[in-house]
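Notes follow the structure.
Lettering of chains follows the sequences in order, A, B, ..., and the numbering in each one begins at 1.
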Number of protein chains: 2
Amino acid sequence: MNKDNIIHSQIQPLLDYFQKVIPLNNEEKKLVTEFFKPRLYRKKQYVLQEGDVCNQFNFIVRGCLRMYKVDDKGNTHILQFAAENWWLSNIGSFHEHKPSELNIDALEDTMVLQISHDNLLTLYTNAPKFDRIFRVLIENSFVSLQKRLLQNISSTAEERYVSFLDSYSHLTNRLPQTQIASFLGITPEFLSRLRNKQSKKS
Amino acid sequence: MNKDNIIHSQIQPLLDYFQKVIPLNNEEKKLVTEFFKPRLYRKKQYVLQEGDVCNQFNFIVRGCLRMYKVDDKGNTHILQFAAENWWLSNIGSFHEHKPSELNIDALEDTMVLQISHDNLLTLYTNAPKFDRIFRVLIENSFVSLQKRLLQNISSTAEERYVSFLDSYSHLTNRLPQTQIASFLGITPEFLSRLRNKQSKKS
DNA sequence: AACTGCATCAAGAAATAGCATTGATGTAGA
DNA sequence: TCTACATCAATGCTATTTCTTGATGCAGTT
């Protein structure tokens with residue numbers, strides 16, 4: 001399998017993704033294939049490190065990433081997980097070219113397709129359809145973020161955990177519980193006790 | 001410990017290294033401290049990934065890196081290990097700004113001091129002494145590379161292994177044997193048999 | 001004052017991943 | 001046919017990561 005084949009084989013999930021939002025013509029497919037570059041991140045590797053500017057918009061082909069903040073005490077707080085067919089970037093840092101306060105790293109070996117800031121602008125110019133596609137994409141992210149915030153300020157850890165199980169059922173068996181705890185904003189120990197309680201219920 | 005202290009504490013081994021080649025004056029030490037940035041790579045993390053341009057020259061403060069090529073069959077061939085007080089970069093990619101065919105990654109958590117291509121040029125301009133220092137450095141690398149090549153085309157695996165033990169005695173206990181095998185160009189199984197044979201001899 | 005919902009610390013147990021070894025078998029070249 | 005290696009599969013070992021549990025504490029209700 002030569003390099004072109006490798007790229008081609010990775011790009012398909014992204015084309016499929018776009019296709020579902022709005023069908024693409026061949027010219028547009030070509031642009032996508034040109035501008036998005038596959039890249040492999042290995043488990044624990046940083047995709048974006050605090051202090052660096054986020055210069056790539058990432059689409060996950062396979063694997064799983066997390067975006068998180070490390071607070072003054074050294075505790076990590078996970079804002080978002082992203083697995084197959086999801087997008088992940090620090091949008092603030094990406095658009096304003098500012099150093100990121102957040103980190104992104106790989107929880108598994110992860111293949112992403114990335115487009116640089118410049119190429120994304122070129123893509124918008126050459127194929128305005130992508131303006132809409134990316135608007136939809138951001139809107140979706142926004143909605144789920146809002147939902148999560150609302151839940152965070154209104155629920156107990158147990159409720160949040162149950163709801164997590166519901167929303168992320170495809171991830172619960174893939175993620176270590178330390179990561180889930182960090183996402184829920186509780187300690188791994190307390191999560192362990194919640195789980196214990198849950199399993200006794202049923 | 002604030003950031004300046006961290007940098008300062010990491011830079012000393014590099015100053016010592018230079019000092020051994022040619023003594024530096026304070027101005028030159030200041031330049032080194034300014035231009036070389038410490039960076040931590042975690043085990044398995046890429047320092048340089050195939051396809052990217054090598055834009056940093058790396059000095060290893062602690063830990064261990066490897067540089068290798070992945071062939072068409074997916075086998076990896078290690079060109080070089082580098083531990084404390086060694087340098088490692090893809091010099092070809094670095095100087096010609098060309099995408100690298102080689103990968104560099106960390107076999108242990110590794111602290112490096114890196115200087116960017118631009119800053120290295122500035123350093124040469126501001127302190128021509130570094131022209132000489134880096135010439136010496138490259139010459140040394142060249143010589144050991146030549147030695148290794150010669151050995152490769154003229155020795156059996158067993159001879160190469162014995163010679164490896166001799167040259168890299170400080171590393172043999174730190175490196176997994178899979179890595180040593182990949183460096184020697186044999187399979188881990190065959191290395192295991194060689195070792196077995198060796199230990200029966202003595 | 002007692003109870004609920006969480007945190008922290010320490011210790012172990014359990015699960016997984018990575019590594020080393022061995023046996024069986026194969027092959028190319030001297 | 002012998003030497004110097006490779007490949008594949010199985011197994012055991014070790015180290016690392018993850019999960020669980022107990023003990024203790026504390027802030028905010030009730």
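- With sequence neighbours left out, A:Y124 forms a ring pair (Phe, Tyr, Trp, His ring centres under 6.0 Å) with A:F134.
- Distance B:K44 NZ to C:dG18 C1': 7 Å, rounded to the nearest Å.
- Ion pair A:E189/A:R193 not flagged as a salt bridge, since none of the NZ, NE, NH1 or NH2 atoms sits closer than 4.0 Å to an Asp/Glu carboxylate oxygen.
- Following rounding to the nearest Å, B:L184 (CG) and D:dA6 (C1') show an atom-to-atom distance of 15 Å.
- Between A:R42 and A:D105 there is no salt bridge, since none of the side-chain N atoms of the basic residue sits less than 4.0 Å from a carboxylate O of the acidic one.
- Between A:L191 atom CG and D:dT21 atom P there is a gap of 12 Å when expressed in whole angstrom units.
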Check against side chain to side chain donor-acceptor pair (under 3.5 Å), A:Q177 and A:S192: CA-CA 8 Å; A:Q177 286 171 211; A:S192 173; 5.5 Å; no
Could you run down nucleotides 19-30 of chain C 5' to 3' and tag each one B, S or - for protein heavy-atom contact under 4.0 Å? SSSBBB------
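- Rounded to a whole Å, the NZ atom of A:K197 is 6 Å from the P atom of C:dG5.
- Among residues at least two apart or in separate chains, ring-ring contact (aromatic ring centres under 6.0 Å, His included) pairs with a member in residues 95-114 of chain A are A:H97-A:H117.
- In this structure, B:N75 atom CG and D:dA6 atom P are separated by 10 Å, rounded to whole Å.
- Remark: B:T187 is in phosphate contact with D:dA6, judged by side-chain N or O atoms under 4.0 Å from OP1 or OP2.
- Paired with B:E108 under the rule salt bridge (Lys or Arg N to Asp or Glu O under 4.0 Å), one option of B:R66, B:K43, B:R174, B:R62 passes, and it is B:R174.
- Residue A:L194 contributes atom CG, which lies 13 Å from atom P of D:dT21 at whole-angstrom precision.
- Rounded to whole Å, atom P of C:dT4 lies 16 Å from atom CD of A:E159.
- B:E108 has its CD atom 16 Å from the P atom of C:dG18, to the nearest Å.
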